[in-house]
Amino acid sequence: MKKIKQLVVFCCAAMLCTPSAFGWGKKGHTMVVQIAYGLLDSATKNTIHELIDHMSAEQAGSWMDEVRSDRRYDYMKPWHYVNVEKGETYQTGSTPNVLNQIDSAISRLEHRDRMSHEEVKKNILVLFHLIGDMHQPLHVGYGTDKGGNSVQVKYLNKETNLHWVWDSEIIESEHITLNDCLKRYNDLPKPMIERLQIIAPEKWMNQPRSLLSAVYNFQDATIDQEYADRNKTVIEDEIAIAGIRLAAVLNHLFKA
Ligand SMILES: [Zn+2]
């Protein structure tokens, strides 16, 4: 009986802990990969598919979240985000964080002829996931509240935290689809798309970070329908931008 009780407590704790700090939920990460794939020519896409053993967009985009429960990958836990306090600017360094790991995966893959198939695959999956994560504003947010994870809020009458609202709640409740994100992509002016394609992860964080004032724009720990409606297109934009940047990186690395 005691064991069952312990198990129940453990499962509840695991369920409570699971959602936090995951970056976009599965749906968001899948859309980032699908947008990127749509921007690649078929030869480049085939090369990548082979290198990742034909994983689906859904599996590939969320692989880094799937391995979180596997202790062998504990070293990757700090890779999903970077914390920079309010009013401060990012100081370049070698601490493992989302920026450094994107940089490092790109430079490793530039010299992939010396790498094993498994290493190449892992680094591609890291790029798929982290370029998505970086465009969730709370993954480039403030350490004081753990990127919104310790900000308890009521979202449409449900107790949750701000981070999870941005990871998944709005995407789910506003029914954001791939087509919505593609529509936002199609509305972007061509010169802007060209600017977005420049590979510079450290600069990339400025745009999602500039959204933090809007992210924290709510009162009484309550996030209402109006907030969700207002930020729906913001999320669609971020997913589209992440897809454009992921495609730029993949073209740089794998386009023949
Ligand atoms: Zn993540």
Side-chain angles (χ1 to χ4, degrees), residues 22-66 80 98 101-103 105-106 109-110 112 120-137 139 166-168 170-172 174-201 203-205 207-208 211 231-256:
F22 265 38
W24 301 118
K26 206 163 207 172
K27 199 173 160 193
H29 278 293
T30 305
M31 293 191 286
V32 170
V33 175
Q34 287 170 326
I35 288 172
Y37 277 162
L39 298 173
L40 302 178
D41 61 43
S42 56
T44 309
K45 210 163 93 177
N46 287 342
T47 304
I48 294 162
H49 266 167
E50 289 209 355
L51 291 171
I52 61 167
D53 298 329
H54 302 279
M55 284 169 92
S56 67
E58 193 179 356
Q59 290 170 321
S62 296
W63 176 80
M64 277 191 78
D65 284 337
E66 297 299 327
H80 298 251
V98 68
Q101 299 316 133
I102 292 173
D103 263 340
I106 294 173
L109 288 168
E110 283 169 343
R112 62 183 172 280
V120 171
K121 179 179 172 183
K122 189 178 80 184
N123 281 282
I124 296 172
L125 297 177
V126 163
L127 288 176
F128 275 23
H129 186 84
L130 294 188
I131 293 177
D133 268 357
M134 186 197 246
H135 292 82
Q136 204 281 48
H139 277 248
W166 276 78
D167 269 358
S168 262
I170 298 178
I171 294 180
E172 293 297 338
E174 294 280 315
H175 308 289
I176 294 178
T177 64
L178 179 61
N179 271 341
D180 295 331
C181 302
L182 285 173
K183 197 174 171 302
R184 300 295 293 178
Y185 166 78
N186 288 325
D187 288 345
L188 290 175
K190 209 168 170 258
M192 187 175 167
I193 294 179
E194 281 166 10
R195 270 202 307 278
L196 290 170
Q197 286 166 331
I198 300 167
I199 299 168
K203 288 189 181 148
W204 286 352
M205 77 182 280
Q207 186 271 339
L211 302 168
N231 287 298
K232 176 180 186 274
T233 49
V234 174
I235 290 177
E236 290 165 359
D237 283 343
E238 291 315 293
I239 288 174
I241 292 170
I244 292 167
R245 286 174 165 162
L246 175 58
V249 168
L250 296 173
N251 270 328
H252 162 71
L253 292 168
F254 301 108
K255 195 173 167 154

Quick one: list whatever passes ring pair (Phe, Tyr, Trp, His ring centres under 6.0 Å) with His49, sequence neighbours left out.
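In terms of ring pair (Phe, Tyr, Trp, His ring centres under 6.0 Å), with neighbours along the sequence ignored, His49 is linked to Tyr37.
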
Can you name the residues that form a ring pair (Phe, Tyr, Trp, His ring centres under 6.0 Å) with Trp204, not counting sequence neighbours?
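Testing Trp204 for ring pair (Phe, Tyr, Trp, His ring centres under 6.0 Å), a comparison that skips the adjacent residues, returns none.
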
Might you point out which heavy atoms bring [X] and [Y] nearest each other, and give the distance in Å?
X: Gly25; Y: Ser168; answer: CA-OG, 3.4 Å
X: Pro208; Y: Pro137; answer: O-CB, 3.4 Å
X: Cys181; Y: Ile176; answer: SG-CG2, 3.9 Å
X: Gly243; Y: Ile35; answer: CA-CG2, 3.8 Å
X: Leu39; Y: Ala247; answer: CB-CB, 3.8 Å
X: Ala242; Y: Ile131; answer: O-CG2, 3.6 Å

Chi angles and distances behind the side-chain contact (heavy atoms from CB on, under 4.5 Å) call for His129, Asp133
CA-CA 6 Å; His129 186 84; Asp133 268 357; 3.0 Å; yes

Rounded distance [0.5 Å steps], [atom1] in [X] versus [atom2] in [Y]:
X: Ile102; Y: Ile199; atom1: CD1; atom2: CD1; answer: 11.0 Å
X: Arg195; Y: Leu188; atom1: CZ; atom2: CG; answer: 10.5 Å
X: Asp167; Y: Lys27; atom1: CG; atom2: NZ; answer: 14.0 Å
X: His54; Y: Gln59; atom1: NE2; atom2: CD; answer: 12.0 Å
X: Gln136; Y: Leu211; atom1: CD; atom2: CG; answer: 10.0 Å
X: Met31; Y: Leu182; atom1: CE; atom2: CG; answer: 10.0 Å

For the side chain of His29 and the backbone of Trp24, is there at least one donor-acceptor N/O pair under 3.5 Å apart?
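Confirmed, His29 side chain pairs with Trp24 backbone.
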
If we ignore hydrogens and angles and just use 3.5 Å, is the side chain of Ser62 paired with the main-chain N or O of Asp65 as donor and acceptor?
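Judged by distance alone, no pair lies under 3.5 Å.
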
What side-chain donor-acceptor pairs closer than 3.5 Å can you find for residues 249-256, not counting sequence neighbours?
| from | atom 1 | to | atom 2 | distance (Å) |
| --- | --- | --- | --- | --- |
| His252 | NE2 | Glu110 | OE2 | 2.7 |

Worked check of side-chain contact (heavy atoms from CB on, under 4.5 Å) between Glu66 and Lys26
CA-CA 10 Å; Glu66 297 299 327; Lys26 206 163 207 172; 3.2 Å; yes

For [X], check side chain to side chain contact (heavy atoms under 4.5 Å, CB included) against everything at least two apart and list the hits.
X: Asn186; answer: none
X: Val120; answer: Leu51, Leu109, Arg112, Met115, Ile124
X: Ala60; answer: Ile52, Met55, Leu125, Phe128
X: Gln197; answer: Ile193, Glu194, Ile244, Ala248

side-chain contact (heavy atoms from CB on, under 4.5 Å) between Leu196 and Gln207, worked out
CA-CA 10 Å; Leu196 290 170; Gln207 186 271 339; 5.9 Å; no

Scan residues 232-248 for pairs that pass salt bridge (Lys or Arg N to Asp or Glu O under 4.0 Å), counting only residues two or more places apart or in two chains.
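Sorted result for residues 232-248: Asp180-Lys232, Arg184-Asp237, Lys232-Glu236.
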
What pairs of residues pass the salt bridge (Lys or Arg N to Asp or Glu O under 4.0 Å) test when at least one of them lies in residues 46-64, not counting sequence neighbours?
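Those involving residues 46-64 are Asp53-Lys121.
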
Any chance you could lay out the side-chain contact (heavy atoms from CB on, under 4.5 Å) test for Tyr185 and Ile239, step after step, and finish with the verdict?
CA-CA 9 Å; Tyr185 166 78; Ile239 288 174; over 6 Å; no

Does the separation of the ring centres of His80 and His139 fall below 6.0 angstrom?
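Distance test on ring centres: not under 6.0 Å, no.
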
Using the test side chain to side chain donor-acceptor pair (under 3.5 Å), find all partners of Thr44 that sit at least two apart in sequence or belong to another chain.
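With neighbours one apart ignored, the set is Asp41.
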
Suppose we screen for side chain to side chain donor-acceptor pair (under 3.5 Å). Which residues come up paired with Glu174, at least two apart in sequence or across chains?
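Once residues adjacent in sequence are excluded, the partners of Glu174 under the side chain to side chain donor-acceptor pair (under 3.5 Å) criterion are Gln225.
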
Residues two or more places apart in sequence or in another chain: which of them pass salt bridge (charged side-chain N to carboxylate O under 4.0 Å, His left out) with Asp103?
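Checked Asp103 against salt bridge (charged side-chain N to carboxylate O under 4.0 Å, His left out); zero matches.
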
